[in-house]
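Please read the structure below before turning to the comments.
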Amino acid sequence: MSDQINAQFRPRIFSGIQPSGGLTLGNYLGALKRFAALQGDKAETIYCIVDLHAITVWQDPEVLRARIREAAAAFMAAGVDPAQSILFNQSQVSAHAEMAWLFNTVARVGWMYRMTQFKDKAGKNTENVSLGLLAYPALMAADILTYQATAVPVGEDQKQHLELTRDIAAKFNHDYGVEHFPITEPLIEGVATRVMSLRDGSKKMSKSDPSDASRINLTDDADTIAQKIRKARTDAEPLPGQMDALKDRPEAKNLVNIYAALTDETPDQVLARFEGQGFGAFKPALAEVAVEALSPITRRMAEFMADPAQIDAILADGSARADAVATPILERTKDIMGLLRTRA
Ligand code: TYM
C-alpha cells in the first residue's frame, strides 16, 4: 500500500541533526557521510539543523548559536554541498512548528509515551520534563512530511521515530480520506548504523555521554583521536577471520565496524587482513585510518567556522529555498483540515 501512495510523490530525501552538542564519529558515519553520498542521485536532498528539537532540553543561548553554526560547518566539511542540497536551520522555516501543531492533533499521547528516546531522556522524571520533549516526535514527523519526503537516512536509533512518522502520515491520510502524505521510507544502511561507545560496547556513541573518552568528536585533533582509540575498551583475544565470531564481543565488533565504515570495506574484508592479530596491532591501524578520514573534515570545519557570516548567508539561502517547498504543502494540509483560508 505504501508503494502505491509513494509513487505519486517525487523522490525527496530529508534528514536532520540536533545541534545539542559537538558532533561525533557516530553522527558522521551514521548520518553525515551518507547525506553527502546521497546527493546528486535521483532524489532532491534537504538537510536540516534541527534547533527547535535541541531546545526540548534547556540550552545556553550563546552556546546554542555557536553549535548551530558548528553543525552547519560539519555538514559542509563532510561533503554536503549547499549548491546541490538545501541546507538550513529549522527555526527559520516556520512551517515546521506549524505543521507540528497540526500533527499534535493527529498523534496520540500513548504513542509519545512509548518512545524509547523519551523514556531514556526523561528517566524517572516524566512529569517534570518539558512538554516539548514528549511532543518531540510530532515535530520530527512535521520536519519530514512538510516536504512530503519519501526517504530519510538515519542511524538505527531513529527507527522508532520514523515508524511513528509513518503512523502519523497514515492516520492523517485515513482520517481525512486523502493521499496527501507519503509513507516515508527509513534508509538505515551500511555497517555504521549504530556506532557504539568506546568505553562500553552496549551503549551507543553519543554527544551527550558525560565521558568524553567514550566518543570521537569531529573537532578532536589527531593525537586525541589516537589516544581515545588506544584507550578504547577491548578484550584480550586475537581477531577472528569473520564477523560471525565477534557476536559476543561487542567492543571488538564495534571497532571493526568503525574501521570498515571509514575505509568503505566490509567488516569481513577488514578481518581477513587482521585475522590472528590482537588489538596491539589493530588499534594503531584503526587510529591511522580514523585520522586520515577525519583530519580533512576537522580542518575544513575550522575553515568554515572562521567565517560565521558566510555560514549564516548559506543557511539563510537554504531557509528561503526550504520555505518555498514547505509552505505550499503546509497550506494544502490546512485546507484539507478545514482551516479557513482568508488571506491570499
Ligand atoms: P541526532 O541529532 O541524535 O543524530 C543525528 C543523526 O546521527 C545518527 N547517529 C548515529 N548513527 C550511528 N551511530 C551513532 N552512535 C549515532 N548517533 C547518532 C542518528 O541516527 C541521526 O541520523 N531526532 C533526530 C533528529 C531529527 C531528524 C528529523 C532526523 C529531527 N528531525 C527528521 C531525521 C529526519 C536526532 O535526535 O538525531
Side-chain angles (χ1 to χ4, degrees), residues 12-36 38 45-57 59 67-68 70-71 74-75 78 80 88-91 93 96-97 99-100 103 115-118 120-121 132-133 135-166 168-169 184-209 214-218 250 253-254 257-258 261-262 322 326:
R12 187 177 281 148
I13 286 169
F14 180 95
S15 199
I17 294 190
Q18 287 196 64
S20 51
L23 300 190
T24 70
L25 180 67
N27 296 127
Y28 174 63
L29 293 176
L32 288 172
K33 185 173 177 192
R34 299 181 47 242
F35 295 174
L38 286 161
T45 41
I46 305 181
Y47 297 126
C48 184
I49 298 150
V50 291
D51 48 10
L52 295 174
H53 278 93
I55 56 168
T56 55
V57 294
Q59 306 286 334
R67 281 185 174 151
I68 294 167
E70 190 178 286
F75 272 82
V80 169
F88 72 108
N89 60 316
Q90 186 186 26
S91 61
V93 179
H96 291 245
M99 189 68 108
F103 286 169
M115 294 293 111
T116 34
Q117 186 169 307
F118 174 73
D120 289 349
K121 286 201 174 169
L133 192 69
Y136 178 115
L139 177 59
M140 178 158 164
D143 299 338
I144 296 165
L145 296 173
T146 301
Y147 299 90
Q148 293 176 329
T150 51
V152 175
V154 280
E156 178 69 39
D157 61 330
Q158 295 302 315
K159 191 170 175 205
Q160 198 186 28
H161 286 155
L162 287 179
E163 279 159 9
L164 192 129
T165 299
R166 292 161 64 94
I168 290 179
T184 307
E185 293 297 334
L187 298 178
I188 303 173
E189 293 162 340
V191 291
T193 56
R194 193 169 174 82
V195 176
M196 308 309 279
S197 156
L198 298 179
R199 307 301 301 166
D200 177 349
S202 68
K203 274 182 19 195
K204 99 176 164 167
M205 183 181 286
S206 161
K207 42 178 139 52
S208 54
D209 192 312
S214 71
R215 63 178 160 265
I216 292 174
N217 304 301
L218 293 185
K253 188 173 158 190
N254 187 38
N257 276 336
I258 292 175
L262 286 167

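In listed order, ligands and their atoms are each counted from 1. We count residues from 1, following the sequence as given. Quantities reported herein were computed from a predicted structural model and do not represent experimental measurements.
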TODO: Establish, from distance only, whether the side-chain atoms of Q59 and S20 form a donor-acceptor pair under 3.5 Å.
DONE: no

Open item on the list: Give me the nearest non-hydrogen protein atom to atom 13 (N) of ligand 1 as residue plus atom name, then the distance to 0.1 Å.
Closed with: V195 N, 2.8 Å

Open item on the list: What's the separation between atom CG in D120 and atom NZ in K204, rounded to the nearest 0.5 Å?
Closed with: 8.5 Å

Open item on the list: My understanding is that we take every heavy atom of each candidate and find the minimum distance to atom 10 (C) of ligand 1. Doing that for S15, A192, G26, which one comes out nearest?
Closed with: G26

- [ ] Select one of side chain, backbone, both or neither to describe which atoms of H53 lie under 4.0 Å from any atom of ligand 1, heavy atoms only.
- [x] side chain

Task: For atom 23 (N) of ligand 1, closest protein heavy-atom neighbour - done: Y136 OH, 2.6 Å

Open item on the list: Among all protein heavy atoms in this structure, tell me which lies nearest to atom 17 (N) of ligand 1, with the distance rounded to 0.1 Å.
Closed with: M205 O, 3.8 Å

Open item on the list: Could you tell me if N217 and T24 have a donor-acceptor pair between their side chains, going purely by distance under 3.5 Å?
Closed with: no

Task: Residue and atom name of the nearest protein heavy atom (relative to atom 37 (O) of ligand 1), distance in Å to one decimal - done: Q158 NE2, 3.7 Å

Task: Of M140, H161, K121, E163, the residue whose pairing with M115 passes side-chain contact (heavy atoms from CB on, under 4.5 Å) - done: H161

TODO: Could you list which atoms of ligand 1 come closer than 4.0 Å to a heavy atom of G30?
DONE: 11 (N), 12 (C)

Task: Atoms of ligand 1, numbered as shown, that sit under 4.0 Å from any heavy atom of I144 - done: 32 (C), 34 (C)

Task: Part of K207 with heavy atoms under 4.0 Å of ligand 1, whether side chain, backbone, both or neither - done: side chain

Task: Atoms in ligand 1 with a heavy atom of R194 nearer than 4.0 Å - done: 12 (C), 13 (N)

Task: N/O separation below 3.5 Å, E156 to ligand 1 - done: no

- [ ] Return yes or no for this condition: an N or O of G155 is under 3.5 Å from an N or O of ligand 1.
- [x] yes

Open item on the list: Ignoring hydrogens and geometry beyond distance, is a side-chain donor-acceptor pair present between Q117 and D157 at under 3.5 Å?
Closed with: no

Task: Minimal non-hydrogen separation, D143 against Q90, with atom names - done: OD1-NE2, 2.8 Å

- [ ] Would you mind checking which non-hydrogen protein atom is closest to atom 20 (O) of ligand 1, with the distance to 0.1 Å?
- [x] D157 OD1, 2.4 Å

TODO: Determine, step by step, whether T184 and L145 satisfy the side chain to side chain contact (heavy atoms under 4.5 Å, CB included) criterion, reporting the C-alpha distance in whole Å, the side-chain angles of both residues, the deciding distance to 0.1 Å, and the verdict.
DONE: CA-CA 8 Å; T184 307; L145 296 173; 3.7 Å; yes

Open item on the list: Regarding ligand 1, does M140 bring an N or O atom to under 3.5 Å of one of the ligand's N or O atoms?
Closed with: no

- [ ] Check ligand 1 against Q18 and write out every atom of the ligand that is under 4.0 Å from a heavy-atom position of the residue.
- [x] 2 (O), 35 (C), 36 (O)

TODO: Please find out if less than 6.0 Å separates the ring center of Y147 from that of H96.
DONE: yes

Open item on the list: Could you check whether any side-chain heavy atom of V152 comes within less than 4.5 Å of a side-chain heavy atom of L187, counting everything from C-beta outward?
Closed with: no

- [ ] Could you label the plane-to-plane angle of the F14 and F88 rings as parallel, tilted or perpendicular, counting under 30° as parallel and over 60° as perpendicular?
- [x] perpendicular

TODO: Can you figure out which of G190, A31, G16, P137 has its heavy atom closest to atom 27 (C) of ligand 1?
DONE: G16

Task: Option with minimal heavy-atom separation from atom 4 (O) of ligand 1, where the choices are I17, V50, N257, N27 - done: N27

Open item on the list: Minimum distance, heavy atoms only, to atom 31 (N) of ligand 1: which one of D143, L52, I13, T56 is it?
Closed with: D143

